[in-house]
Amino acid sequence: KIMDQEKFDKVTKIFLEYTEKVKKLTVAQETQLKLYGLFKQSNFGDNTTPEPGFFDLRSKAKWDAWNEQKGQSKYNSMKRYIQLVKSLQN
């Protein structure tokens with residue numbers, strides 16, 4: 001089924017609003033990584049970058065967080081990002 005462009009644009013607008021809202025929140029590192037992965041998937045799709053070296057822990061954690069979202073559409077990634085930020089606001 002082809003996505004309605006208007007629906008996609010609406011979710012994109014809300015997603016961008018929530019990328020600003022999240023900056024005002026204090027969240028655990030694990031949640032930050034989840035948000036990072038969803039953000040990257042929403043903007044760039046599947047992770048095709050080379051996996052960082054084992055000793056580059058920060059980059060490896062971020063790479064893993066994005067890679068966990070593999071196969072998910074940009075639309076669904078944006079929706080999940082919005083839902084996660086909403087849950088953090090409560």
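When reading the values below, keep in mind they use all heavy atoms of this one structure, side chains included, and skip hydrogens, waters and symmetry mates.
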Notebook entry, point to check: Got a donor-acceptor contact below 3.5 angstrom from the Thr31 side chain to the Val27 backbone?
Noted result: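 Checked: no pair found.
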Item checked: Donor-acceptor pair, side chain of Asn43 and main chain of Phe39, under 3.5 angstrom -> yes
Kindly indicate whether the side chain of [X], heavy atoms from C-beta on, has any atom under 4.5 Å from the side chain of [Y].
| X | Y | result |
| --- | --- | --- |
| Met78 | Tyr18 | no |
| Gln89 | Lys21 | yes |
| Lys70 | Asn67 | yes |

Notebook entry, point to check: So, Tyr81 versus Phe15, ring centres under 6.0 angstrom or not?
Noted result: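 Yes, they do, as the ring centres are separated by less than 6.0 Å.
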Check: Can you find a side-chain donor-acceptor pair between Gln29 and Gln32 that sits under 3.5 Å?
Finding: no
Margin query: What I want to check is whether the side chains of Gln41 and Arg80 have a donor and an acceptor closer together than 3.5 Å.
Written below: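 No pair is found: no donor N or O on one side chain lies under 3.5 Å from an acceptor on the other.
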Check: Under the salt bridge (charged side-chain N to carboxylate O under 4.0 Å, His left out) test, which residues partner Lys10, sequence neighbours left out?
Finding: none
Check: Do other residues, nucleotides or ligands put more than 12 heavy atoms under 6.0 Å from Lys60 NZ?
Finding: yes
Note to self: Restricting to side chain to side chain donor-acceptor pair (under 3.5 Å), what partner residues turn up for Lys13, sequence neighbours left out?
What the structure shows: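 For Lys13, the residues satisfying side chain to side chain donor-acceptor pair (under 3.5 Å) (neighbours in sequence not counted) are Glu17.
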Euclidean distance, [Y] [atom2] relative to [X] [atom1], rounded to 0.5 Å:
| X | Y | atom1 | atom2 | value |
| --- | --- | --- | --- | --- |
| Ile14 | Thr19 | CD1 | OG1 | 12.0 Å |
| Leu84 | Leu35 | CG | CG | 4.5 Å |
| Trp66 | Phe44 | CH2 | CZ | 6.5 Å |

